[in-house]
Amino acid sequence: MVQQVSLVSSIQESQLQLILETLKSLTGMVPARLSTYTVILTPKFPYSPEFQTGKVNQIEQYKMRMSTEWKQDVEEPIDNTIELKDFELFNKKHLEALNKENRIWTLQISDVPLAGKRAVSSQTLYESTICSTDDVVGYLDELGYMPETQFWTHGYKFYRNDIVIAIYRVFMKQKQESAPNSKENTAAATNGSTRSDTAIESKNTDDMKIELDMDIDMKMDVDTNPESNLETKEETIEPETRLELIDKSREFFIKAYVNVAKMSDVENLSRATSLLEHLKSELEGLIEFSIPNRASMDSRIGSRLASSI
């Protein structure tokens, strides 16, 4: 568990090079690569307590983040999109390939930031690392969670004293129709039928399948007959998978933060606040830091933000 204090901002794409050069001079380092693939997980069995007058509900369920390194070299987005070359999509088919690479996953649950008038945002984060597992999907199923959505982050990272300065943009899978080769699917496409881009299916069976991408063939229970398998492959053509920027204005998001080991460590929390305030003062006029909206960082199941996803 860490207590994270932070400030955020955003810049236009045209300002990026100036910001990078300024931060290089300020930190004395070239930017490190910031590239992550994140899956948002939600409880399979949401808890709905009975609210009674005069009683405060002390039981909360939270959505969870599961992140790993996104190893693809990202080119400059054209028409706000890029091609997803390594197909890091959260389903059984592609997770099998990721597991062979011994990927390290980080699970994170974030509490709602502290309320009140503050100079910086202060939020409690709970993290755990999955170093090795043969079945990530099965592991999550045992935890009682299932995937809900996914996104990719790419940008730059600087370090100054205890401050981490992250500059990045967020991508999501572009909505598109599949490119089938079978006559049935061609007829369905002619009739205007489309397939959902983010369908989630979770079953408590031995052949549980979790799907977040209906555009890619994800059949796991194939016929054991080799000829039948070959026929299936010939009938299905995987479409090009592209990612698109969430923010069509192509802006970069900036987050400056400091992690403090304990929420009760008043001295280091005060020091972290001072460091961020000093950074804000140094970059004033170039980067306008502010406190993020507290409601937008609420990952509780019953929150208005979580309910709207």
For the pair [X] (side chain) and [Y] (backbone), establish whether a donor and an acceptor sit closer than 3.5 Å, ignoring hydrogens and angles.
X: Asp247; Y: Ser249; answer: yes
X: Gln17; Y: Ser14; answer: no
X: Arg118; Y: Ala115; answer: yes
X: Ser296; Y: Asn293; answer: yes
X: Ser270; Y: Val266; answer: no

Provide the closest heavy-atom pair for [X] versus [Y] in the form atom of the first, atom of the second, distance.
X: Ile167; Y: Leu34; answer: O-CD2, 4.3 Å
X: Arg250; Y: Arg169; answer: O-NH1, 3.2 Å
X: Ile104; Y: Cys131; answer: CG1-O, 4.3 Å
X: Ser35; Y: His154; answer: OG-ND1, 3.7 Å
X: Ser110; Y: Ser299; answer: O-OG, 2.8 Å
X: Ala119; Y: Leu7; answer: O-CD2, 3.5 Å

Interatomic distance, [X] atom [atom1] to [Y] atom [atom2] [nearest 0.5 angstrom]:
X: Phe289; Y: Ser9; atom1: CZ; atom2: OG; answer: 6.0 Å
X: His278; Y: Asn161; atom1: NE2; atom2: CG; answer: 9.0 Å
X: Glu60; Y: Ile109; atom1: CD; atom2: CD1; answer: 12.5 Å
X: Glu127; Y: Met64; atom1: CD; atom2: CE; answer: 11.5 Å
X: Leu269; Y: Met263; atom1: CG; atom2: CE; answer: 8.0 Å
X: Arg271; Y: Asp265; atom1: CZ; atom2: CG; answer: 10.5 Å

Could you check if a side-chain atom of [X] sits within less than 4.5 angstrom of a side-chain atom of [Y], using non-hydrogen atoms only?
X: Leu243; Y: Thr81; result: no
X: Trp70; Y: Thr153; result: no
X: Thr42; Y: Met146; result: yes
X: Arg160; Y: Leu279; result: yes
X: Val112; Y: Arg294; result: yes
X: Asp141; Y: Lys44; result: yes
X: Ile254; Y: Ile11; result: yes
X: Ile130; Y: Leu107; result: yes

When clusters are formed by joining ILVMFWY residues with side-chain heavy atoms under 4.5 Å apart, either directly or through shared neighbours, do [X] and [Y] land in the same one?
X: Tyr159; Y: Leu283; value: yes
X: Leu276; Y: Leu286; value: yes
X: Val164; Y: Ile291; value: yes
X: Leu114; Y: Tyr62; value: no
X: Val120; Y: Met297; value: no

| task | Mind running side-chain contact (heavy atoms from CB on, under 4.5 Å) on Ile40 and Phe151 for me, showing each step along the way? | result | CA-CA 8 Å; Ile40 301 297; Phe151 62 89; 3.9 Å; yes
| Yes or no on side-chain contact (heavy atoms from CB on, under 4.5 Å) for Leu140 and Met66, after CA distance, side-chain angles and deciding distance? | CA-CA 10 Å; Leu140 294 176; Met66 189 172 81; 3.9 Å; yes
| task | Go through the steps for Thr106 and Ser67 under the test side chain to side chain donor-acceptor pair (under 3.5 Å), then give the verdict. | result | CA-CA 5 Å; Thr106 300; Ser67 304; over 6 Å; no
| message | Regarding Gln123 and Gln4, do their side chains bring together a donor and an acceptor under 3.5 Å, going by distance alone? | response |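 Side chains of Gln123 and Gln4: no pair found under 3.5 Å.
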| task | Answer with yes or no whether the side chains of Asp111 and Tyr126 bring together a donor and an acceptor at under 3.5 Å. | result |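 Not at all, the side chains of Tyr126 and Asp111 share no donor-acceptor pair under 3.5 Å.
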| request: Inspect the surroundings of CZ in Arg65 and state if more than 12 heavy atoms from other residues, nucleotides or ligands are less than 6.0 Å away. | output: no
| field | Leu245 and Val170: CA distance, side-chain angles, deciding distance, side-chain contact (heavy atoms from CB on, under 4.5 Å) verdict | value | CA-CA 6 Å; Leu245 287 169; Val170 180; over 6 Å; no
| said: side-chain contact (heavy atoms from CB on, under 4.5 Å), that's the test. Do Phe253 and Val8 meet it? Break it down for me. | reply: CA-CA 8 Å; Phe253 181 76; Val8 299; 3.5 Å; yes
| task | Kindly determine whether Glu69 and Tyr37 satisfy side chain to side chain donor-acceptor pair (under 3.5 Å), including the steps that lead there. | result | CA-CA 6 Å; Glu69 181 185 2; Tyr37 166 53; over 6 Å; no
| task | Applying side chain to side chain donor-acceptor pair (under 3.5 Å), run through Gln3 and Thr124 and close with a yes or a no. | result | CA-CA 5 Å; Gln3 192 70 17; Thr124 304; 2.6 Å; yes
| task | In sequence, state the C-alpha distance, the side-chain angles, and the governing distance for Glu244 and Lys173, and then conclude on salt bridge (charged side-chain N to carboxylate O under 4.0 Å, His left out). | result | CA-CA 6 Å; Glu244 62 180 350; Lys173 186 179 178 299; over 6 Å; no
| Angle class for the Tyr156/Phe252 ring planes (parallel below 30°, perpendicular above 60°, tilted otherwise)? |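 Because their plane-to-plane angle lies in the 30° to 60° range, the rings of Tyr156 and Phe252 count as tilted.
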Solution key, residues 18-31 side-chain donor-acceptor pairs under 3.5 Å, sequence neighbours excluded:
residue	atom	partner	partner atom	Å
Glu21	OE2	Lys24	NZ	3.4
Thr22	OG1	Leu18	O	2.8
Thr27	OG1	Leu23	O	2.6

